[in-house]
Amino acid sequence: MQLQTDIRTWQSQPTPGSFSVRDWEKFGCAVPAPKLAPSMWVKLFYPPTAFSFDEAWLLCECSEEQWLAWIPDYGEILLSTHEFCATKS
């Protein structure tokens, strides 16, 4: 019996902190960023699936760096604050 190993390499994605103000504006982020609050739409940098919406509705803050959110046609998800930005209103 032969064991097979499946090794996958994780490709790092640019972090929001590495974006310039111009990049954030192109992405649809509000600059300067408003204070996050429940019932606010945010733009996702990396939607959970290829078929997911790229925006989420903030439900409640779970910690200083995590929010419970709802994505249309996906459901609830726990997001870190580095995974999204507040959209322009």
Side-chain angles (χ1 to χ4, degrees):
M1 181 179 192
Q2 183 180 8
L3 272 173
Q4 289 186 337
T5 306
D6 184 16
I7 299 173
R8 297 173 191 221
T9 304
W10 178 76
Q11 296 293 327
S12 71
Q13 306 221 6
T15 59
S18 67
F19 294 144
S20 70
V21 169
R22 191 174 198 175
D23 293 332
W24 280 71
E25 288 175 337
K26 278 194 254 180
F27 196 73
C29 299
V31 178
K35 181 169 172 30
L36 298 174
S39 302
M40 174 186 273
W41 283 102
V42 293
K43 183 83 165 178
L44 300 174
F45 293 117
Y46 313 108
T49 71
F51 305 104
S52 299
F53 280 78
D54 63 351
E55 291 187 318
W57 182 255
L58 295 181
L59 299 174
C60 65
E61 186 175 20
C62 297
S63 72
E64 201 171 292
E65 295 184 13
Q66 289 189 317
W67 281 80
L68 181 64
W70 173 78
I71 300 173
D73 292 338
Y74 181 82
E76 290 184 355
I77 188 169
L78 189 61
L79 296 171
S80 296
T81 53
H82 70 274
E83 296 179 294
F84 63 87
C85 68
T87 56
K88 296 178 183 180
S89 22

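The analysis underlying the following values was restricted to heavy atoms, covering all of them including side chains, and did not include hydrogens, waters or symmetry mates. Bear in mind the structure is a predicted one, so any value in this text is a computation, not a measurement.
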Got a list of side-chain donor-acceptor pairs under 3.5 Å for residues 48-66, not counting sequence neighbours?
| from | atom 1 | to | atom 2 | distance (Å) |
| --- | --- | --- | --- | --- |
| T49 | OG1 | F51 | N | 3.2 |
| T49 | OG1 | S52 | N | 3.1 |
| T49 | OG1 | S52 | OG | 2.6 |
| S52 | OG | T49 | N | 3.2 |
| D54 | OD2 | K43 | NZ | 2.8 |
| S63 | OG | E65 | N | 3.3 |
| S63 | OG | Q66 | N | 3.3 |

Minimum-distance pair of heavy atoms, taken over all atoms of T81 and W67: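 Shortest heavy-atom separation between T81 and W67 comes out as CG2-CD1, 3.9 Å.
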Verify same cluster id: F84, L68 (apolar side-chain graph, 4.5 Å):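 No, F84 does not connect to L68 through the hydrophobic network.
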Supply the atom-to-atom distance Y46 OH to H82 NE2, rounded to the nearest 0.5 angstrom. 8.5 Å
Please report the interatomic distance CG(L79) to CG(L36), rounded to the nearest 0.5 Å.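 That separation rounds to 11.0 Å.
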Does W70 have any ring-ring contact (aromatic ring centres under 6.0 Å, His included) partners at least two apart in sequence or in another chain, and if so, which? none
